[in-house]
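When a residue number appears, it is its place in the shown sequence, counting from 1.
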Amino acid sequence: NVPYFGVLVTVLFYFVATFVFELVLSNFNNEFFWCISSNYFESVNLYLPVHCDEGPYLQASESLDYFFSESNPYQKRPGYVLFIYLIRSVINFLTLGQLSNYIEFRVAMILIQFVIVYLIGISSAKFFKINYLNFHNFLTLILVVSIPNIRWNTLMPSHGNITLLLLLISLNRFSHKSFYNDYIFYLLMGIGALFHRSAIVYGVIILFLEIIKNKNQLIKGLQHFVLLLIPSLLYEGFFIFSNYKSFDWNKEIYGQFYWIVD
């Protein structure tokens with residue numbers, strides 16, 4: 001059994017330690033990080049990191065027209081943007097709209113990153129077979145979430161930690177198949193693609209390995225493949241019946257993934 005409360009305590013410690021070390025003691029040195037600037041808030045004597053993803057996520061989570069525009073690089077992450085919008089709405093309701101849009105957004109992103117890192121902690125505990133919290137297991141979890149890229153994503157409005165979470169879910173599926181029902185796993189990865197499309201890549205890899213292992217289950221494998229694609233197909237089908245245009249920023253601007261086809 002995964003020690004859910006122990007993981008929660010570990011992630012709370014990690015968040016507090018990260019914020020104190022990076023923002024207070026280190027005074028946020030962004031010299032070695034691309035796409036990052038900083039704002040100094042005199043009232044709290046802190047330099048807060050400002051990532052170049054911040055603007056698009058902020059606008060996309062408060063304007064449908066911007067979300068579906070060609071100016072938004074994250075139209076293909078509707079699940080993640082919807083998550084941001086929902087958390088912002090809850091914060092707005094609880095604070096009676098007293099926070100500025102920007103502060104509301106930053107608070108929402110901190111909470112979202114906390115949820116993601118907590119899920120990473122739970123998935124790591126499952127993968128490493130951590131059933132209780134002691135110093136050794138605590139250190140193992142801290143080492144996982146302290147990977148530099150993961151640590152920095154906790155401070156910023158970023159989707160970077162989602163890819164590690166999807167990887168851990170896939171590894172758990174491969175190592176402990178009973179942990180995920182067949183259909184639930186592939187539907188879960190299909191929904192994960194609405195947060196980050198790497199979910200489909202992970203799902204296809206696991207599906208390919210399982211088909212090789214169980215050659216007599218090709219039909220079942222095709223069913224799983226359909227489940228993996230259904231959420232994305234439904235989302236793309238939405239554009240057929242709407243006035244909005246599907247725009248893939250990663251394809252049009254960066255050619256991301258599509259170089260494989262070429």
Side-chain angles (χ1 to χ4, degrees), residues 7-8 10-24 26-30 33-41 43-44 46-64 66-67 71-123 144-166 168 191-192 194-199 249:
V7 173
L8 178 63
T10 303
V11 173
L12 279 171
F13 172 83
Y14 157 76
F15 256 73
V16 172
T18 299
F19 275 74
V20 169
F21 180 78
E22 299 291 0
L23 300 183
V24 179
S26 297
N27 220 12
F28 181 65
N29 185 345
N30 65 316
F33 295 89
W34 174 78
C35 201
I36 296 173
S37 59
S38 61
N39 277 346
Y40 176 68
F41 286 75
S43 58
V44 289
L46 286 178
Y47 284 93
L48 295 181
V50 178
H51 197 277
C52 57
D53 284 344
E54 186 172 291
Y57 278 131
L58 172 61
Q59 294 181 69
S61 63
E62 60 187 16
S63 169
L64 270 179
Y66 176 81
F67 175 79
S71 300
N72 175 27
Y74 303 123
Q75 189 194 98
K76 298 307 176 185
R77 292 177 190 151
Y80 190 54
V81 174
L82 177 62
F83 191 24
I84 297 172
Y85 166 77
L86 292 175
I87 299 300
R88 286 189 62 180
S89 297
V90 171
I91 292 173
N92 182 272
F93 175 76
L94 293 177
T95 60
L96 303 177
Q98 295 302 304
L99 298 179
S100 68
N101 285 353
Y102 180 72
I103 297 300
E104 177 185 280
F105 171 75
R106 290 303 296 259
V107 172
M109 290 310 308
I110 291 173
L111 294 176
I112 289 170
Q113 294 293 1
F114 183 88
V115 171
I116 295 172
V117 174
Y118 178 61
L119 294 176
I120 286 173
I122 291 174
S123 298
V144 170
V145 296
S146 294
I147 297 170
N149 184 60
I150 303 305
R151 189 178 80 245
W152 273 92
N153 282 327
T154 64
L155 300 175
M156 302 173 193
S158 172
H159 56 269
N161 288 344
I162 296 176
T163 55
L164 176 63
L165 175 59
L166 293 169
L168 287 167
I191 294 173
L194 301 180
F195 288 74
H196 197 283
R197 280 182 294 181
S198 61
W249 179 283

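The main-chain N or O of Ala60 is never found under 3.5 Å from a side-chain atom of Ser63 such that the two would form a donor-acceptor pair. Using modelled atom types, one side-chain atom of Tyr66 and one backbone atom of Ser71 make a donor-acceptor pair closer than 3.5 Å.
Atom-to-atom distance recorded for Leu58:CG and Met109:CE is 10.5 Å, nearest 0.5 angstrom. How far OG1 of Thr163 is from CG of Leu168: 9.5 Å, rounded to the nearest 0.5 Å. One finds the CD1 atom of Ile120 at 8.0 Å from the OH atom of Tyr14 (value rounded to the nearest 0.5 Å). How far OG1 of Thr154 is from CD1 of Ile112: 13.5 Å, rounded to the nearest 0.5 Å. One finds the CG atom of Leu164 at 8.5 Å from the OG atom of Ser123 (value rounded to the nearest 0.5 Å).
Residues Gln113 and Ile116 are in side-chain contact: their nearest non-hydrogen atoms beyond the backbone lie under 4.5 Å apart. Counting heavy atoms from C-beta on, the side chains of Val115 and Leu119 come closer than 4.5 Å. Residues Tyr85 and Glu62 are not in side-chain contact: their nearest non-hydrogen atoms beyond the backbone lie 4.5 Å or more apart. Looking at Arg77 and Trp249, their side chains never come closer than 4.5 Å, going by heavy atoms from C-beta outward. Contact annotation: the side chain of Asn161 never approaches that of His196 to less than 4.5 Å [non-hydrogen atoms, C-beta and beyond]. Within the 4.5 Å cutoff, the side chain of Phe105 has heavy atoms near those of the Ile84 side chain. Between Arg88 and Asn101, the closest side-chain pair of non-hydrogen atoms falls below 4.5 Å. With contacts defined as side-chain heavy-atom distances shorter than 4.5 Å, the pair Val11/Phe114 qualifies.
Heavy atoms from other residues, nucleotides or ligands lying under 6.0 Å from CZ of Phe13 number 12 at most.
Closest approach of Leu99 and Ile91 over heavy atoms only: CD1-CG2, 3.9 Å. The minimum heavy-atom distance linking Gly192 with Leu166 is given by the pair CA-CD2, 4.4 Å.
Donor-acceptor pairing under 3.5 Å is recorded for the side chains of Glu104 and Asn92.
A centroid separation of 6.0 Å or more is found between the aromatic rings of Tyr80 and Tyr74.
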